[in-house]
Student: 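Just passing along the structure, written as structure tokens.
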Amino acid sequence: MHRLSQLLLPTERQPPADAEALSHQLMVRAGLVRQLGSGLWSWMPAGWRIHQKVVDIIREEMDAAGAQELSLPVLQPRELWEKTGRDQIHELFKLEDRKGSEMVLAMTHEEAVTTHVAQIVKSYRELPFTLYQVQTKERDEPRPRAGILRTREFVMKDAYSFDRDDAGLDASYEAQTAAYAKIYDRCGVRWYRVESDVGMMGGAGAHEYMAPCAAGEDDIVLAEGYAANVEVATTTPSPAVVVEPIGAPEPVETPDAKTIERLAELLGIDASATMKAVAVVGPEGLVLVLLRGDDTVQETKLANALGGTHRPATEEEIAAAIGPAGYLGPIEMADPGTTVLLDLAVGDTEHVVGANKAGVHLRGVQPGRDFQARRVDVRAAKAGDTVDGKPVEIVPAIEVGNIFKLGTKYTEALGATFLDEDGKRQPIIMGCYGIGPARIVASTAEQCGDERGIAWPKAIAPWQVHVAGLGKPGSPEAEAAAKLAATLDQAGFEVILDDRAGGAGEKLTDAELLGCPLRLVVGRRTLERGEAEAQRRRGSVELDPISLDDPVPAVRAHLAAAP
RNA sequence: CGGGGCGUGGCGCAGCCUGGUAGCGCGCCUGCUUUGGGAGCAGGAGGUCCUCGGUUCGAAUCCGGGCGCCCCGACCA
């Protein structure tokens with residue numbers, strides 16, 4: 001049993017001035033975390049209990065999935081990272097030891113774990129296996145934000161699977177997938193598994209686990225039976241409002257119509273009857289991207305279509321290759337050889353598009369007939385789209401985990417190979433699987449927070465039962481509360497007892513801030529009836545009072561019914 | 001990296017424009033009263049005003065450099 005009179009629980013009536021996100025405000029107010037520097041957070045005792053409960057759940061499910069826990073150094077020789085090329089990552093903390101040796105602080109542990117596997121594994125007989133660690137990771141984030149949500153130092157569970165072939169990797173990936181579902185469900189956080197961008201690592205597949213919440217940094221696209229990061233989401237746009245065909249391109253004067261809105265207004269047509277032209281410079285030079293007028297570019301999808309990162313073209317570059325900014329189009333470009341990409345959502349019907357002359361657009365322009373272009377999927381999904389006829393919703397979410405089929409990127413770079421049955425040397429096939437416990441805590445706080453505090457799910461609440469005696473220390477109420485707490489403690493419940501001298505309001509408010517699922521209050525009135533008042537924190541539901549003579553069965557029932 | 005904001009007691013803030021005794025609410029300590037929604041009275045402690053330099057008789061306040069923190073965007077293997 002823990003006593004509030006002895007617990008370092010620095011609750012605050014007001015949130016810190018610089019806290020914006022709900023989870024940031026509430027977790028500081030509830031005395032769970034304190035900031036030490038930008039992106040550097042300490043966990044106070046109650047907060048650490050929550051964090052460790054999440055870690056315990058992760059550990060149980062990892063073990064159940066057959067993964068083996070180990071520990072690896074956070075401080076590592078830079079040389080390892082040079083082998084994989086990851087020493088160039090800006091977020092990597094780099095430093096020297098006293099001898100001048102180049103070191104790094106690990107942001108993940110692929111290099112370290114793969115190095116050992118390379119040293120140890122010789123034969124296919126030793127495969128497959130999955131290792132994991134729950135350790136501090138360091139990242140020199142350009143912008144830490146939202147309290148505990150994006151920090152420079154954080155604990156991460158990282159698992160690494162090692163298989164002899166792709167089928168083995170698929171099996172390991174599936175085992176982790178199953179474990180992840182159990183972990184998030186057990187923690188009580190709302191989550192989605194979404195398709196994610198494999199990015200420059202070009203792996204065979206990747207999924208992110210996203211917890212929807214207001215402070216989320218990513219947007220996810222949801223429809224019945226569908227969930228994807230907007231960075232990869234492919235949805236069906238609402239039908240375009242087409243105009244009467246006129247058979248061939250024809251100039252139309254459009255002074256001062258440099259935006260789609262102005263253009264559509266001027267011509268009295270829907271934005272979807274126009275084409276939006278965006279000029280970017282990618283790995284292979286300047287490219288003109290055409291989308292439906294009411295769509296916008298999704299930068300990650302475009303980067304994938306271009307095969308590398310890109311930047312907006314300058315006005316000079318645009319003028320040299322295409323035409324005057326604001327009136328760009330695929331016909332009569334200054335350099336007719338300019339690559340033109342056409343988004344899949346643009347129909348093979350006539351559209352209005354820039355004429356590459358200031359103040360002039362062309363109407364009646366039809367893809368395929370009037371110009372040629374490579375079809376790509378680069379539009380951003382948006383509300384109003386559908387997937388298989390089901391309307392989509394786009395919500396902010398925070399990434400609480402990811403799984404990735406790495407393949408042989410690390411094993412080849414670090415020489416992790418094995419001899420197969422034929423005595424042939426093969427690279428080990430690898431997968432990696434990360435979870436950020438602090439983000440599970442923070443996103444749960446976002447999802448379960450209200451104006452009074454955080455209604456923690458019972459699986460990760462710092463304590464299960466919060467017993468508050470309302471009288472001052474030594475009073476009959478306080479004595480009865482202490483006895484109740486001791487009884488429940490002996491029955492195996494996790495109990496926090498408010499035995500402080502404070503007033504009733506203070507105790508009740510702190511109980512709501514801390515947010516344990518079941519609150520039992522012993523006051524003068526309830527004590528006269530031999531009872532403690534019971535309230536479920538989630539939803540502030542009043543429950544049947546607990547008998548002080550035989551409290552255990554009712555407490556067990558109340559807790560069983562709590563989320 | 002671009003843009004914006006902030007730094008005054010543990011927390012939240014005022015004071016700065018127009019230089020001259022460092023202030024308010026909450027919290028904290030002592031005593032008495034109070035005890036079902038952050039209580040009352042009385043007394044008290046606690047601040048190099050982020051830092052360094054400049055201007056001035058005098059700087060929290062004006063000027064310059066630096067550091068720190070937050071927010072928006074970019075970035076996020």
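Chain letters run A, B, ... following the sequence lines, proteins first, then strands; residues in each count from 1. Here the structure is a predicted model, which is why all the values come from computation and not from measurement. For the numbers below, each heavy atom of this structure counts, side chains included, while hydrogens, waters and symmetry mates do not.
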Student: Using atom C1' in both nucleotides, what's the gap between B/G53 and B/C6 to the nearest angstrom?
Tutor: 22 Å
Student: Taking B/C67 as the reference, what is the distance to B/G10 when you measure between their P atoms (whole Å, please)?
Tutor: 25 Å
Student: I need the CE-C1' distance between A/Met430 and B/A77, as an integer number of Å.
Tutor: 13 Å
Student: Under the rule for side-chain hydrogen bond (donor to acceptor under 3.5 Å, both in side chains), what residues qualify as partners of A/Gln135, not counting sequence neighbours?
Tutor: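 By the side-chain hydrogen bond (donor to acceptor under 3.5 Å, both in side chains) rule, A/Gln135 matches A/Gln133.
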Student: For A/Tyr184 and A/Tyr209: C-alpha separation, side-chain torsions, deciding distance, then whether ring pair (Phe, Tyr, Trp, His ring centres under 6.0 Å) applies.
Tutor: CA-CA 9 Å; A/Tyr184 297 117; A/Tyr209 290 80; 5.3 Å; yes
Student: Could you note down all residue pairs passing side-chain hydrogen bond (donor to acceptor under 3.5 Å, both in side chains) where residues 498-509 of chain A supplies at least one of them, sequence neighbours left out?
Tutor: A/Ser5-A/Asp499, A/Asp498-A/Arg500, A/Arg500-A/Asp510
Student: Using whole Å, report how far CG of A/Leu26 lies from C1' of B/C11.
Tutor: 16 Å
Student: When you compare B/C62 with B/C17, how far apart are their C1' atoms, in angstrom units rounded to a whole number?
Tutor: 11 Å
Student: Expressed as a whole number of Å, how far does the C1' atom of B/A14 sit from that of B/C75?
Tutor: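 The answer is 38 Å between these two C1' atoms.
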Student: So, A/Glu82 and A/Arg78, do they make that salt bridge, N to O below 4.0 Å?
Tutor: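 Yes, charged N to carboxylate O under 4.0 Å.
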Student: Take atom C1' in B/C1 and the same atom in B/A74, then report the distance between them in whole Å.
Tutor: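 That atom pair is separated by 7 Å.
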Student: Please collect all side-chain hydrogen bond (donor to acceptor under 3.5 Å, both in side chains) contacts where either partner lies in residues 148-157 of chain A, sequence neighbours excluded, each pair once.
Tutor: A/Glu141-A/Arg150, A/Arg150-A/Glu217, A/Lys157-A/Tyr180
Student: Run the ring-ring contact (aromatic ring centres under 6.0 Å, His included) test against A/Phe162 and tell me which residues pass, sequence neighbours left out.
Tutor: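 ring-ring contact (aromatic ring centres under 6.0 Å, His included) check on A/Phe162 returns A/Phe129.
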Student: Can you name the closest pair of heavy atoms from A/Lys276 and A/Asp295 and give their distance?
Tutor: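 For A/Lys276 and A/Asp295, the tightest heavy-atom pair comes out as NZ-O, 2.6 Å.
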Student: Could you tell me how far B/G58 sits from B/U21 if I compare only their P atoms? Round to whole Å.
Tutor: 15 Å
Student: Kindly write out the residues that satisfy side chain to side chain contact (heavy atoms under 4.5 Å, CB included) with A/Asp97, not counting sequence neighbours, or none if the list is empty.
Tutor: A/Lys99, A/Ser101, A/Met103
Student: Picking from B/C76, B/A77, B/G36, which would you name as closest to the side chain of A/Thr526?
Tutor: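 Given the options B/C76, B/A77, B/G36, the side chain of A/Thr526 is closest to B/G36.
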Student: How close or far is atom C1' of B/G37 from atom CD of A/Gln535, stated in whole angstroms?
Tutor: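 It is 11 Å, rounded to the nearest whole Å.
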Student: What does the list of N/O pairs under 3.5 Å between the protein and nucleotides 31-33 of chain B look like, with a distance for each?
Tutor:
none

Student: To the nearest Å, how far apart are A/Leu508 CG and B/U35 P?
Tutor: 16 Å
Student: If you assign each of A/Arg34 and A/Met156 to its closest nucleotide in RNA chain B, which residue comes earlier from the 5' end?
Tutor: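 Taking each residue's closest nucleotide, the earlier one in sequence belongs to A/Arg34.
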Student: Can a salt bridge be assigned to the pair A/Lys94 and A/Asp87 using a cut-off of 4.0 Å between side-chain N and carboxylate O?
Tutor: no
Student: Which part of the nucleic acid, if any, lies within reach of A/Glu512 when heavy atoms closer than 4.0 Å are counted: base, sugar-phosphate only, or nothing?
Tutor: base
Student: When the distance from CD1 of A/Ile398 to C1' of B/C76 is rounded to whole Å, what number comes out?
Tutor: 11 Å
Student: Can you check the A/Glu110 CD to B/A77 C1' distance for me, whole Å?
Tutor: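 Going from A/Glu110 (CD) to B/A77 (C1'), I get 8 Å.
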Student: Taking the same atom, C1', in B/G66 and in B/G19, what whole-Å distance lies between them?
Tutor: 24 Å
Student: From CD of A/Glu91 over to C1' of B/C1, roughly how many Å is that when rounded to an integer?
Tutor: 13 Å
Student: Expressed in angstrom and rounded to an integer, what is the separation of A/Asn229 atom CG from B/C76 atom P?
Tutor: 13 Å
Student: Taking only the P atom of each, what is the distance from B/A59 to B/G54 in whole angstrom?
Tutor: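 Going atom to atom, P in each nucleotide, I get 11 Å.
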Student: Under 4.0 Å from any atom of RNA chain B, heavy atoms only: list the residues of residues 462-472 of chain A that qualify, in numerical order.
Tutor: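 Per residue number, the list reads A/Leu470, A/Lys472.
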Student: Using atom types as modelled, flag every donor-acceptor pair under 3.5 Å from a side chain in residues 20-39 of chain A to any protein atom, sequence neighbours excluded.
Tutor:
residue, atom, partner, partner atom, Å
A/Ser23, OG, A/Glu446, OE2, 2.7
A/His24, ND1, A/Gly147, N, 3.4
A/Gln25, NE2, A/Ala19, O, 3.1
A/Gln25, NE2, A/Glu20, O, 3.4
A/Arg29, NH1, A/Arg13, O, 3.3
A/Arg29, NH2, A/Glu451, O, 3.4
A/Arg34, NH2, A/Pro10, O, 3.4
A/Arg34, NH2, A/Glu12, OE2, 3.2
A/Gln35, NE2, A/Gly37, O, 2.9

Student: If you restrict it to nitrogen or oxygen atoms, what contacts under 3.5 Å exist between nucleotides 38-43 of chain B and the protein, and what is each distance?
Tutor:
residue, atom, partner, partner atom, Å
B/G38, O2', A/Arg13, NH1, 3.1
B/G38, O2', A/Arg13, NH2, 2.4
B/G38, N2, A/Glu506, OE2, 3.0

Student: Applying side chain to side chain contact (heavy atoms under 4.5 Å, CB included), can you list everything that pairs with A/Ala233, at least two apart in sequence or on another chain?
Tutor: A/Val221, A/Tyr226, A/Ala228, A/Ala381
Student: Answer with base, sugar-phosphate or nothing: what part of the nucleic acid does A/Ser475 contact at a heavy-atom distance below 4.0 Å?
Tutor: nothing
Student: Flag this pair as yes if the NZ/CZ of A/Lys405 is under 6.0 angstrom from the six-membered ring centre of A/Tyr173 and inside a 45 degree cone about the axis; otherwise no.
Tutor: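 A/Lys405 over A/Tyr173 ring: yes.
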Student: Please answer whether the main-chain N or O of A/Thr300 pairs with a side-chain N or O of A/Gln298 as donor and acceptor at a distance below 3.5 Å.
Tutor: yes
Student: Is A/Asp294 paired with A/Lys382 through a side-chain N to carboxylate O contact shorter than 4.0 Å?
Tutor: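 Yes.
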Student: Only counting residues at least two apart or in another chain, list the ones meeting ring-ring contact (aromatic ring centres under 6.0 Å, His included) with A/Trp463.
Tutor: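 Expected list: A/His2.
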Student: Listing time: all N or O pairs from protein to nucleotides 68-73 of chain B that are below 3.5 Å?
Tutor:
residue, atom, partner, partner atom, Å
B/C69, OP1, A/Ser38, N, 2.7
B/C69, O3', A/Gln35, NE2, 3.4
B/C69, O2', A/Asp18, OD2, 3.4
B/C70, OP1, A/Gln35, NE2, 2.9
B/C70, OP2, A/Ser38, OG, 2.8
B/C71, OP1, A/Ala146, N, 3.3
B/C72, OP2, A/Arg143, NH1, 3.1
B/C72, OP2, A/Arg143, NH2, 2.6

